[in-house]
Amino acid sequence: MHRRRRTALTVSAALLVAAPLLAACGNEAHPGAAAVVGGERIEVSTVQAKVKDVRTAQASSPQSAQLIKDSGQLSRAKLYDLIVGQVVQRAADDADVKVSRKEIQDGLAVLEQQSGGQEQLAAMYLQQRGVAPAQLNDAVRRDILVNKLAASLGATNTPEGQATLNKAFTAAAKSLHIDVNPRYGTWDDQKLELGSYKAPWITQVTKEPEPVEPGA
């Protein structure tokens with residue numbers, strides 16, 4: 001399972017590696033929506049609720065000030081997670097890949113054992129990925145789903161394997177016709193990026209640090 005966990009982070013990185021930008025939807029076209037994915041709205045209120053969960057968890061952490069400082073783009077990060085979750089699900093559905101509740105429970109149990117307990121695992125996800133305890137199951141489920149999808153496609157942990165996985169995600173993203181409210185940036189099907197936002201656990205050494213998003 002330890003090896004699968006490392007693979008999950010690697011293939012999550014593949015979601016962001018790869019191109020034209022899609023036109024973002026306007027507020028008038030989709031009032032109250034942060035994005036429309038596969039014809040379904042992701043409400044601004046849903047994104048705000050996810051942000052609130054993370055901020056509440058951060059506030060109770062001994063490292064609260066640093067965690068808040070390091071997650072200035074949290075509202076964009078939460079919208080990104082919601083969008084990518086649907087992209088991964090569509091790609092998995094296309095490949096007839098599923099994750100059972102038992103697989104999620106087993107995965108959580110192994111991760112808890114590796115990290116030293118439930119509290120330590122929750123603290124790690126909060127710090128490294130901006131995931132609140134209430135969001136942990138969904139994050140682990142997505143990691144397992146990505147791993148199973150990679151296995152079904154024969155996508156090994158190599159550049160070629162990641163390219164195969166990227167192809168599946170890009171096709172899924174295009175089929176969902178993703179529109180994003182301009183306040184959050186624009187979505188790129190090819191790079192699977194939301195504006196200039198990339199997952200916080202991916203180290204970017206070629207770009208300047210981005211400014212903190214006001215009000216995040």
Side-chain angles (χ1 to χ4, degrees), residues 1-17 49-71 73-74 77-93 95-159 161-162 164-166 168-169 192 197-204:
M1 179 64 194
H2 183 61
R3 183 170 55 195
R4 287 181 62 190
R5 176 70 187 133
R6 290 187 306 181
T7 303
L9 293 180
T10 301
V11 295
S12 294
L15 286 173
L16 299 169
V17 178
K50 297 287 187 183
V51 170
K52 183 178 179 181
D53 286 344
V54 175
R55 290 297 187 218
T56 299
Q58 290 175 335
S60 64
S61 169
Q63 295 83 33
S64 59
Q66 189 63 45
L67 290 176
I68 292 171
K69 179 182 177 181
D70 290 344
S71 56
Q73 296 195 70
L74 188 55
K78 291 293 100 179
L79 177 58
Y80 172 85
D81 281 347
L82 289 166
I83 293 172
V84 169
Q86 293 197 41
V87 171
V88 171
Q89 187 62 59
R90 174 60 66 87
D93 289 344
D96 197 27
V97 172
K98 296 177 175 61
V99 173
S100 69
R101 183 176 300 179
K102 185 177 186 303
E103 286 175 309
I104 298 171
Q105 292 172 341
D106 290 347
L108 280 167
V110 172
L111 290 172
E112 287 173 6
Q113 183 179 29
Q114 291 174 351
S115 59
Q118 186 176 17
E119 290 186 6
Q120 290 84 349
L121 177 64
M124 181 184 73
Y125 267 74
L126 181 65
Q127 178 181 1
Q128 296 181 3
R129 298 177 62 170
V131 172
Q135 301 162 5
L136 184 56
N137 275 32
D138 287 342
V140 172
R141 179 186 181 278
R142 192 176 77 186
D143 287 345
I144 295 172
L145 192 59
V146 169
N147 277 327
K148 292 188 70 174
L149 176 61
S152 75
L153 297 174
T156 57
N157 191 11
T158 63
Q162 292 182 16
T164 297
L165 196 57
N166 270 356
F169 288 134
L192 296 163
Y197 177 78
K198 297 186 179 183
W201 63 91
I202 307 302
T203 301
Q204 296 296 321

Next on the checklist: The test is side-chain contact (heavy atoms from CB on, under 4.5 Å); show your working for Val54 and Leu67 and say whether it passes.
Outcome noted: CA-CA 10 Å; Val54 175; Leu67 290 176; over 6 Å; no
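- Within the model, atoms OG1 of Thr156 and CD of Gln162 stand 8.5 Å from one another, a figure rounded to the nearest 0.5 Å.
- Across every non-hydrogen atom of Gly161 and Ala155, the tightest pair is O-CB, 3.2 Å.
- We find the CG-CD distance between Leu145 and Glu103 to be 9.5 Å, quoted to the nearest 0.5 Å.
- Using a cut-off of 4.0 Å between Lys/Arg side-chain N and Asp/Glu carboxylate O, Asp81 and Lys78 are scored as salt-bridged.
- Considering only heavy atoms from C-beta on, Val140 comes within 4.5 Å of Ile144 through its side chain.
- Within the 4.5 Å cutoff, side-chain heavy atoms of Val146 are placed close to those of Leu165.
- Atom CD of Gln135 sits about 11.5 Å away from atom CZ of Arg129, to the nearest 0.5 Å.
- Atom CG of Asp70 is separated from atom CD of Gln58 by 9.0 Å, given to the nearest 0.5 angstrom.
- Around atom CD of Gln113, no more than 12 heavy atoms belonging to other residues, nucleotides or ligands sit under 6.0 Å away.
- One finds the CD atom of Gln66 at 9.5 Å from the OG atom of Ser71 (value rounded to the nearest 0.5 Å).
- Side-chain contact between Val84 and Leu192 is absent, with no heavy atoms from C-beta onward closer than 4.5 Å.
- When all heavy atoms are compared, the tightest approach of Val97 to Ser152 is CG2-OG, 3.5 Å.
- To the nearest 0.5 angstrom, Leu111 atom CG is 5.5 Å from Gln114 atom CD.
- Salt bridge Lys98/Asp96: present, at least one basic N to carboxylate O contact under 4.0 Å.
- A donor-acceptor contact shorter than 3.5 Å links the side chain of Thr56 to the backbone of Lys52.
- Heavy atoms only, all atoms of each residue included: Ile68 and Arg55 are closest at CA-NH1, 3.7 Å.
- Atom CD of Glu112 is surrounded by more than 12 heavy atoms from other residues, nucleotides or ligands within 6.0 Å.
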